[in-house]
Peer 1: 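So that we are looking at the same thing, I have put the structure below in C-alpha cells.
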Amino acid sequence: MKAGHQVVALDNLITGHRDNVAHLAGQPGFEFIEHDVCRPVAIAGPVDRVFHLASLASPVDYLAHPIETLESGSTGTQNMLELARRHGARLLLTSTSECYGDPLEHPQSETYWGNVNPVGLRSCYDESKRYAEALTMAYHRTYGLPTNIARIFNTYGPRMALNDGRVVPAFIDQALKRQPLTVFGDGSQTRSFCFVSDLVEGLLRLSESEERYPVNLGNPAEMTILQFAEEIRARFDNAVGIEFKPLPSDDPKLRRPDITKARRILGWEPQVSLTEGLSVTIEYFRNKVQRSPHGFPVRTNARPDQVDFA
Ligand code: UDP
C-alpha cells in the first residue's frame, strides 16, 4: 500500500485476527474479505499480483487442524493459481524451510531435497507445502504462469498472536506472566529468526524477479533454543526460570538458511538484528497486554505433537 498498490486481503481468520488490519480499514485501496482460499474466489477488477500466504504456520495450529492445513496447501494453492491465471497475474507462493524436514545438510540451500517424514505429525504442513511447490511449478510449466516460490525460515514480529505457540511469542508470553520458559528437549536444537520487515522486503523483491525455482528467505544468524531462552530471560532481568519439556516428534535439530541465492539474485539480506527485532516485538506484546482488559487468551503449552499416536 505504501508503494501505491490497491490491496485485497483474504483471510478465513482461523488463526488471523481482524485487529491486525484494523489500521488499514477504511483506507482507500484496501479491502478485507473474510474468505477461505479453499473455496474458489472471484475478485472484481484487474489483479496483477497474487501473494499466496494462506496457511496455518504454527506447529500448535497445524497439529490442531491437519486437514485444513493440507487443504490450504493443495486446494487453496490451486484456487490462487487459477485466480492468477484468469487475471494474467503473477503468483508468489510462500513455502517453508519445513520442506527440508529434519535436515541432513546444514545450512540448507535450495538444492537440498530434504529429509521429511511423510507420515509424521508434521507431515500435514511439510507435505502440503511440498505439494504446493510442485503444483506451482506445474502451472508455470503448463501455462507459462509467472510464479515465484519463497522458502520462509522462522519469522517473528509484531501482530503474531501471543497464544500462537511458536517459540518467540511463547517465551515472551511466559516472561510477561513471570512463568518459566518452556524449553522443549535439551534446547540444543537450533533456529535462525528473521524479523518480519526483512521478510516482507524479501517477498516484494522476489515477486519482481524472474526466478521460478525456490529461494530461501530467512536470517542466517543461528542460535540454540536454550541460547534464545537465555536472551529472553536477560530481557526480563533473569526473573523467570526455565522448565524443560519433552521434544516434539520430528522437531528439526538444526535449521539455518543458506541465503547465497537471495543475496545474488535479489540483492537481499536481513537488516534487523535479533536485538532490535526482539525489542520491538516485546514492546508490542507488552502494550497489547496492558490494553487488553482480560489479559491474554489462555492456551496451554502442552502440544499435541508431544504424543505420537502412531
Ligand atoms: N520450542 C520450545 N518451547 C516452546 C515452543 C517451541 O522449546 O514453547 C522449540 C521447538 O521445539 C522448536 C523451536 O522452539 O525446536 C521452534 O519452534 P516453533 O514452534 O517456533 O517453530 P518450528 O521451527 O518448530 O516450526
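Just follow the structure's listing: the first ligand is 1, and inside any ligand the first atom is 1. Treat the numbers as computed from the prediction; the structure is a model and nothing was measured.
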Peer 1: Strictly under 4.0 Å, does any heavy atom of Q174 approach an atom of ligand 1?
Peer 2: no
Peer 1: Can you find a non-hydrogen atom of F171 under 4.0 Å from ligand 1?
Peer 2: yes
Peer 1: Closer than 4.0 Å to some heavy atom of A170 - which atoms of ligand 1 meet that?
Peer 2: 8 (O)
Peer 1: For G165, take its heavy atoms, then give the atoms of ligand 1 lying under 4.0 Å from any of them.
Peer 2: 5 (C)
Peer 1: Do the side chains of L56 and I14 get nearer than 4.5 Å, heavy atoms only?
Peer 2: yes
Peer 1: Can you figure out which of V167, V60, D126 has its heavy atom closest to atom 20 (O) of ligand 1?
Peer 2: V167
Peer 1: Assess, by modelled atom type and distance only, whether the side chains of R255 and N154 contain a donor and an acceptor separated by less than 3.5 Å.
Peer 2: yes
Peer 1: With heavy-atom distances below 4.0 Å as the criterion, list the atoms of ligand 1 near Q189.
Peer 2: 9 (C), 11 (O), 15 (O)
Peer 1: Check contact between R255 and ligand 1, using heavy atoms of the residue and a distance below 4.0 angstrom.
Peer 2: yes
Peer 1: Considering only heavy atoms of T182, which atoms of ligand 1 have at least one such atom less than 4.0 Å away?
Peer 2: 2 (C), 3 (N), 4 (C), 7 (O), 8 (O)
Peer 1: Could you tell me whether the side chains of R151 and Y100 share a donor-acceptor contact shorter than 3.5 Å?
Peer 2: yes
Peer 1: Residue-level breakdown please: for L181 versus ligand 1, do any non-hydrogen atoms fall below 4.0 Å on the side chain, on the backbone, on both, or on neither?
Peer 2: neither
Peer 1: Could you list the atoms of ligand 1 found under 4.0 angstrom from a heavy atom of I225?
Peer 2: 7 (O), 13 (C), 14 (O)
Peer 1: Check whether the side chains of E133 and S95 place a donor and an acceptor atom closer than 3.5 Å, and report yes or no.
Peer 2: yes
Peer 1: Determine whether F171 and V240 make a side-chain contact, defined as any pair of heavy atoms from C-beta on separated by less than 4.5 Å.
Peer 2: no
Peer 1: Near D251, which atoms of ligand 1 are under 4.0 Å from a heavy atom of that residue?
Peer 2: 10 (C), 11 (O), 12 (C), 15 (O)
Peer 1: Would you say E68 and Y62 are linked by a side-chain donor-acceptor pair, where the criterion is simply a distance under 3.5 Å?
Peer 2: no
Peer 1: Would you indicate whether the side-chain heavy atoms of L181 and F236 approach each other to under 4.5 Å?
Peer 2: no
Peer 1: Tell me whether ligand 1 is touched by R122 - counting only heavy atoms on the residue side and a distance under 4.0 Å.
Peer 2: yes
Peer 1: Would you tell me whether Q174 and T182 have side-chain atoms, one donor and one acceptor, within less than 3.5 Å of each other?
Peer 2: yes
Peer 1: Within ligand 1, which atoms have a heavy atom of N154 less than 4.0 Å away?
Peer 2: 21 (O), 22 (P), 23 (O)
Peer 1: Would you confirm whether the ring centroid of F193 sits within less than 6.0 angstrom of the ring centroid of F228?
Peer 2: yes
Peer 1: Just jot down the ligand 1 atoms closer than 4.0 angstrom to any heavy atom of V183, in number order.
Peer 2: 7 (O)
